[in-house]
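Let me begin by handing over the structure; questions about it come next.
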Amino acid sequence: QVHMVESGGGLVQPGGSLRLTCTASRHASDPYAMAWFRQAPGKEREFVAAISWFGATKSYGDSVKGRFTISRDNTKNTMYLQIDSATLDDTATYYCAGGVGVRNLARSDEYDYWGRGTQVTVSS
C-alpha cells in the first residue's frame, strides 16, 4: 500500500500564490501517474492536474490552465502543484492521487492511492 500525504495548504489572497506538495510513502511496484483533484463544499470532486511518471505528459483542468503548474521529483517520491493567480473559486480541499496503468489522467476512478487532502482557502 502506498500512502499519499499532502501539505502546503493554507490561506492565500486573490491573485496570490501557493505551492502544494504530495509525498508518497514509497515507490509503487510499477511507474505511476500522479494527479491533483479538488472538492469544494457542496460540489463534486474536480480534476485539477495530472502528470505521467517521467513528466512527459501533463494535463490540466480547464479552470486552472495557465495558472497552475504540476511537476514531480521521482527521487523524492514527491509531486508539486504551483498555484498562481489564485481566485476565490480555487477554494477547496485538494487531494493528491497516484495510479498504476492510468489511461485517462483526468478520471479519478483510475487512481489507486489517495491522500487525505489539504485545505486551500482564497480570501482577502
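No experiment lies behind these values; they were computed from the predicted model shown.
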Task: hydrophobic_cluster_shared for Leu81 and Trp53, side chain cutoff 4.5 Å - done: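 Cluster IDs for Trp53 and Leu81 match.
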Task: Set of residues satisfying side-chain contact (heavy atoms from CB on, under 4.5 Å) with respect to Lys65, sequence neighbours excluded - done: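 Listed in chain order: Tyr60, Asp62.
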Open item on the list: Do Ser123 and Gln13 make a side-chain contact, defined as non-hydrogen atoms from C-beta onward lying under 4.5 Å apart?
Closed with: no
Task: Interatomic spacing from CG in Asn77 to OG in Ser25 - rounded to 0.5 Å - done: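 That separation rounds to 8.0 Å.
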TODO: Go through Cys22 and Met34 one step at a time and tell me if the side chain to side chain contact (heavy atoms under 4.5 Å, CB included) criterion holds.
DONE: CA-CA 9 Å; Cys22 172; Met34 297 182 78; 4.0 Å; yes
Open item on the list: What verdict does the side chain to side chain donor-acceptor pair (under 3.5 Å) test give for Gln39 and Thr93, after you've listed the backbone C-alpha separation in whole Å, the side-chain angles of each residue and the deciding distance to 0.1 Å?
Closed with: CA-CA 5 Å; Gln39 189 166 19; Thr93 300; over 6 Å; no
TODO: Keeping the roles fixed (side chain from Thr91, backbone from Val122), state whether a donor-acceptor pair exists under 3.5 Å.
DONE: yes
- [ ] Look up atom CZ in Arg116 and atom NE2 in His3, then write down how far apart they are to the nearest 0.5 Å.
- [x]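 Going from CZ on Arg116 over to NE2 on His3, the span is 9.0 Å.
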Open item on the list: For a 4.5 angstrom cut-off between non-hydrogen side-chain atoms, does Ile83 reach Val12?
Closed with: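 Counting from C-beta outward, Ile83 and Val12 never come under 4.5 Å.
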Open item on the list: Once rounded to the nearest 0.5 Å, what's the spacing between atom CG of Leu18 and atom CG of Asp90?
Closed with: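 Rounded to the nearest 0.5 Å, the CG-CG separation comes out at 10.0 Å.
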Open item on the list: Counting C-beta onward and ignoring hydrogens, is there a side-chain heavy-atom pair between Pro14 and Leu88 closer than 4.5 Å?
Closed with: yes
- [ ] Please answer whether the main-chain N or O of Gly117 pairs with a side-chain N or O of Glu6 as donor and acceptor at a distance below 3.5 Å.
- [x] yes
- [ ] Output the distance between atom OG (Ser63) and atom CZ (Phe68), rounded to the nearest 0.5 Å.
- [x] 7.0 Å
Open item on the list: Counting C-beta onward and ignoring hydrogens, is there a side-chain heavy-atom pair between Met79 and Asp73 closer than 4.5 Å?
Closed with: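 Counting from C-beta outward, Met79 and Asp73 never come under 4.5 Å.
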- [ ] Starting at OG of Ser7, measure out to CG of Leu20 and round the result to the nearest 0.5 Å.
- [x] 8.0 Å
Open item on the list: Counting the benzene-type ring for Trp, do Trp36 and Phe47 have ring centres under 6.0 Å apart?
Closed with: no
Open item on the list: Are Thr78 and Thr21 packed together at the side-chain level, in the sense that at least one heavy-atom pair is separated by less than 4.5 angstrom?
Closed with: yes
Open item on the list: Are the side chains of Arg72 and Tyr80 in contact, using a 4.5 Å heavy-atom criterion?
Closed with: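 Answer no - side chains too far apart.
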Task: Closest approach of Ser52 to Ala56 (non-hydrogen atoms, all atoms of both residues) - done: OG-N, 3.3 Å
Please table the atom pairs, donor to acceptor, closer than 3.5 Å between any side-chain atom in residues 96-108 and protein atoms at least two apart or in another chain.
unit_1, atom_1, unit_2, atom_2, d
Asn104, OD1, Ala106, N, 3.0
Arg107, NE, Asp109, OD1, 3.0
Arg107, NH2, Asp109, OD1, 3.4
Arg107, NH2, Asp109, OD2, 2.5

Task: Nearest-0.5 Å distance, CD of residue Glu44 to CZ of residue Arg38 - done: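 Here the rounded value is 14.0 Å.
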Task: Steps toward ring-ring contact (aromatic ring centres under 6.0 Å, His included) verdict (Phe37, Tyr111) - done: CA-CA 11 Å; Phe37 292 81; Tyr111 291 88; 5.7 Å; yes
Task: Shortest non-hydrogen contact from Ser17 toward Asp84 - done: OG-OD1, 2.7 Å
- [ ] Report yes or no: is the cationic atom of Arg45 (NZ for Lys, CZ for Arg) under 6.0 Å from the centre of the six-membered ring of Tyr95, at an angle within 45° of the ring normal?
- [x] yes
